[in-house]
Amino acid sequence: MHTINKVKTISTLLGFYFLLSITIFAQEDEIIEIGNVYSGEIEFAAFELVEASSINIEGNAGNFGRTFNGSEVFYGWIIDSKTRQIVWDAREVIDFEDGEGMYRIDDNEPLEAGKYEAYYTCNDHSNVDINSFGDFVSHLFSSSKTRFKRKYRSQLGITITGEENKFYEVDPTDVVDSLIENSIASFIRVVNEEDLETGFSLNDDTEIRIYSVGEARKKNFYDVAWISNVKTNKIVWETTKGNSSYAGGGRKNYFVDENLKLRKGSYKLHYSTDDSHSFEEWNVLPPDDPQFWGVTLWASSEKDKSNVIPFREEDIIKPIVELIKVGDDEFVSQGFMLKDDAELTLLCLGEGRDYDELRDYGWIIDADTKKIVWSMNDNRNINHAGGSKKNVMVEENIDLEKGNYIAFYSSDDSHSYQEWNESSPLQKEKWGLTIWTENKNVELFSENDFHSKLIIAEIVRVEESENIKKEFSLSEDLKIRILAIGEGDRSSMDDFGWIEDDNGNIVWEMSYGITRKAGGAKKNRLFNKTISLDAGKYTLHYKTDDSHSYNSWNSSPPENQENYGITLMKNN
């Protein structure tokens, strides 16, 4: 009897512990814990409510003082995975602006059935208003804010509990990934220093929804999206101040959520990030929807979705000239021959706050006459290229007759591809000059191997402290065109050319009064006109001083810098 009771007792105890373990595990399944983060980090989780019910949020948030950076804050929030809207926010439960120290959270929130994402973060929150030296001193020695201590970190976080059989933890990345499964194109959770692009094609006019989260300050966008047409090579949509809104967290977080009608055709979606503040690590408070840092496109309806087809690679028009990814202090060129008249599409990105004196820019010359047939300088179609205000671009079509041409691009000693000293442009990979044409009768050649049959005599690419002369003769009276580029101001010319006859008399001389701007710095001067010379023998001269000459510019070089010096040509 005693033995039987003992067995029953043991069985009862085992049954109790079994039921207790089930209860414990069931409770564990209904609890989510996030927190214990360092500055710049986010911890996140997700849960599903199979029917409408309430959740309980317990834990701690904090607002700890810093001497100069305002406050270091810790807090959590929950968003509806479908609508991407906040449904609970610790910042509304506690007062971050005026409060201090650690805050206890014990809140109950009723929610509809659905999936939700929970986030917890830590970062600097600047709420310091310093308008005078007195404010600075006062804040420097202020002890009104509780300082953060390492022992607090493990206590800073939240626990989310739901009702049994109604609340289930799910994978937070799977939840978001499922939302982009039916997208046209998507880049999410984008990290620092990324340049992403993907193509899509539409077989009819289509309305799309664009959802993008990124980084911007005022009109400068640092992590940004845009869409380009691969046939026209033009941007058809981009993030702007006008179509973006505050995304929560740090003031530089923005989001776009808008519909756009795109015509039938092929496009590329682009997203570019700078070297800080992204899903990799936040340097200010993250946005309310951090997993969607990037850009996603959806069709607006089932009918629109049926218009989306695989990307047509054959729609891409490949460039005939690419002088791109230009770095500091570069001067690059490419010759091309048009065997037929052609329309060219040009995209030129460069640098210049003052549009009539660009620092990085491109141009095209007629290789035979050396005349500039297109230039980024003084171009009426010059526009902002995104990022810093000094990023500018020209995007236009021009018509050229059949013939030989040379495209050039010049950059100064700062702010160029991968060496940006301010925010980069949208299409940073195309920093330089790109030329497209649908005309197939194009042949490339090296500018160094080309020699114009119109040239009578030339002294070009003249460097510092030079005094060069060349003799030439004319068998008949002739009109000749003089192309002379030099340095000067109203008082005198420092780099200039002249022509002497057989008796040593000067028959033509370059002076400031007969020149005009040559592009680049104001002291760059150009003479490009026709004069008449009698038959006879002549000497062509060119002289430079000890600064600002070919390959040794002390300010912005001129256009046509490869012809710095003097050239005489037959007037065709």
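Index from 1, following the sequence.
Screening D288, V213, V176 for a side chain to side chain contact (heavy atoms under 4.5 Å, CB included) with R84, the sole residue that qualifies is V176. The side-chain hydrogen bond (donor to acceptor under 3.5 Å, both in side chains) with K523 is formed by just one residue from the set D489, N554, D495, D494; it is N554. None of Y361, W420, Y409 except one satisfies the ring pair (Phe, Tyr, Trp, His ring centres under 6.0 Å) rule with W431; the exception is W420. Applying ring pair (Phe, Tyr, Trp, His ring centres under 6.0 Å) to Y254 and the options W293, Y246, F221, Y222 leaves one that passes, F221. Applying the side chain to side chain contact (heavy atoms under 4.5 Å, CB included) test between L400 and each of T437, N439, L344, D366 identifies L344 as the sole match.
The two residues V392 and K389 make their nearest non-hydrogen contact at CG1-O, 4.4 Å. Taking every heavy atom of both residues into account, I227 and I208 meet most closely at CD1-CD1, 4.1 Å. Summarising the geometry of A367 relative to F445, their closest heavy-atom pair is CB-CZ, 4.4 Å, with the distance given to 0.1 Å. Considering every non-hydrogen atom in both Y542 and I485, the closest pair reads OH-O, 2.6 Å. Nearest heavy atoms, S266 versus D315: OG-OD2, 2.5 Å. Annotation for V190 and G294: closest pair CG2-CA, 3.9 Å, computed over non-hydrogen atoms.
Side-chain atoms of N243 come within 3.5 Å of backbone atoms of E238 as a donor-acceptor pair (strictly under, hydrogens ignored). Not one N or O on the side chain of N229 forms a donor-acceptor pair closer than 3.5 Å with the backbone of V236. Remark: the backbone N or O of E500 is not paired with any side-chain donor or acceptor of T539 at under 3.5 angstrom. In this structure, S411 contributes its side chain and E330 its backbone to a donor-acceptor pair below 3.5 Å. When atom types are taken as modelled, the side chain of T296 and the backbone of S186 share no donor-acceptor pair closer than 3.5 angstrom. The closest donor-acceptor contact from the side chain of S244 to the backbone of F255 lies at 3.5 Å or more, if one exists at all. Under a 3.5 Å cut-off, the side chain of D360 and the backbone N or O of E351 do not form any donor-acceptor pair. Not one N or O on the side chain of N192 forms a donor-acceptor pair closer than 3.5 Å with the backbone of T273. The closest donor-acceptor contact from the side chain of N253 to the backbone of G248 lies under 3.5 Å. The closest donor-acceptor contact from the side chain of S556 to the backbone of A521 lies at 3.5 Å or more, if one exists at all.
One distance of note links CD1 of I188 with OG of S212; it measures 12.0 Å at 0.5 Å rounding. The distance from atom CE of M510 to atom CD1 of I566, rounded to the nearest 0.5 Å, is 7.5 Å. With rounding to the nearest 0.5 angstrom, the OG atom of S276 is 9.0 Å from the CD atom of E193. One finds the CG atom of D412 at 7.0 Å from the CG atom of D329 (value rounded to the nearest 0.5 Å). Put simply, CD on Q334 and CD1 on I320 are 9.0 Å apart, with the number rounded to the nearest 0.5 Å. A distance of 10.0 Å separates CD in E396 from SG in C348, rounded to the nearest 0.5 Å.
Between I499 and I482 the shortest side-chain heavy-atom distance falls below 4.5 Å. W498 is listed as a side-chain neighbour of K543, based on a closest heavy-atom distance under 4.5 Å. Within the 4.5 Å cutoff, side-chain heavy atoms of P290 are placed close to those of W282. Under the 4.5 Å side-chain criterion, counting only non-hydrogen atoms from C-beta, K430 is in contact with E322. Side-chain contact check for K517 versus N524: every heavy-atom pair is 4.5 Å or farther apart. L526 has its side chain out of reach of N560: every pair of non-hydrogen atoms, C-beta onward, lies at least 4.5 Å apart. Within the 4.5 Å cutoff, the side chain of K570 has heavy atoms near those of the I456 side chain. Residues D328 and S416 are in side-chain contact: their nearest non-hydrogen atoms beyond the backbone lie under 4.5 Å apart.
When only modelled atom types and interatomic distance are considered, S272 and K428 share a side-chain donor-acceptor pair under 3.5 Å.
Counting non-hydrogen atoms of neighbouring residues, nucleotides and ligands closer than 6.0 angstrom, the CD atom of E471 reaches no more than 12 such neighbours. The local environment of CD in E207 is crowded, with over 12 non-hydrogen atoms from other residues, nucleotides or ligands closer than 6.0 Å. Other residues, nucleotides and ligands place no more than 12 heavy atoms under 6.0 Å from the NZ atom of K469. By the neighbour-count criterion of 12 heavy atoms within 6.0 Å, atom CD of E438 is sparsely surrounded, having that number or fewer from other residues, nucleotides or ligands.
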Anything under 3.5 Å between a donor and an acceptor, one on a side chain of residues 459-467, the other on a protein residue two or more places apart or in another chain? List them.
residue, atom, partner, partner atom, Å
R461, NH2, E447, OE2, 2.6
E464, OE2, S552, OG, 2.5

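Between H270 and W226, the angle of the ring planes stays under 30°, which puts this pair in the parallel group of the 30/60° scheme. By the 30° and 60° cut-offs, the orientation of the rings of F408 relative to F331 is parallel.
Aromatic rings of Y267 and W237 (six-membered ring for Trp) have centroids beyond the 6.0 Å cut-off, not under it.
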Side chain to side chain contact (heavy atoms under 4.5 Å, CB included) assessment of F279 paired with Q291: CA-CA 7 Å; F279 193 76; Q291 288 199 74; 4.2 Å; yes
Can you check side chain to side chain donor-acceptor pair (under 3.5 Å) on Q561 and S410, steps first, answer last? CA-CA 9 Å; Q561 61 181 271; S410 172; 2.9 Å; yes
Yes or no on ring pair (Phe, Tyr, Trp, His ring centres under 6.0 Å) for F527 and W508, after CA distance, side-chain angles and deciding distance? CA-CA 12 Å; F527 181 87; W508 178 88; 5.1 Å; yes
For side chain to side chain contact (heavy atoms under 4.5 Å, CB included), just list the numbers for Q427 and M393, CA-CA rounded to whole Å, side-chain angles, deciding distance to a tenth of an Å, and then say yes or no. CA-CA 10 Å; Q427 303 180 80; M393 62 182 286; 4.3 Å; yes
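Salt-bridge annotation for K234 and E395: absent, with no side-chain N of the basic residue lying under 4.0 Å from a carboxylate O of the acidic one. Between D177 and R189, at least one side-chain N (NZ, or NE/NH1/NH2) sits under 4.0 Å from a carboxylate O, which counts as a salt bridge.
With sequence neighbours excluded, the residues that form a side chain to side chain donor-acceptor pair (under 3.5 Å) with K325 are E429. With sequence neighbours excluded, the residues forming a ring-ring contact (aromatic ring centres under 6.0 Å, His included) with W553 are H548, Y564, listed by chain and number.
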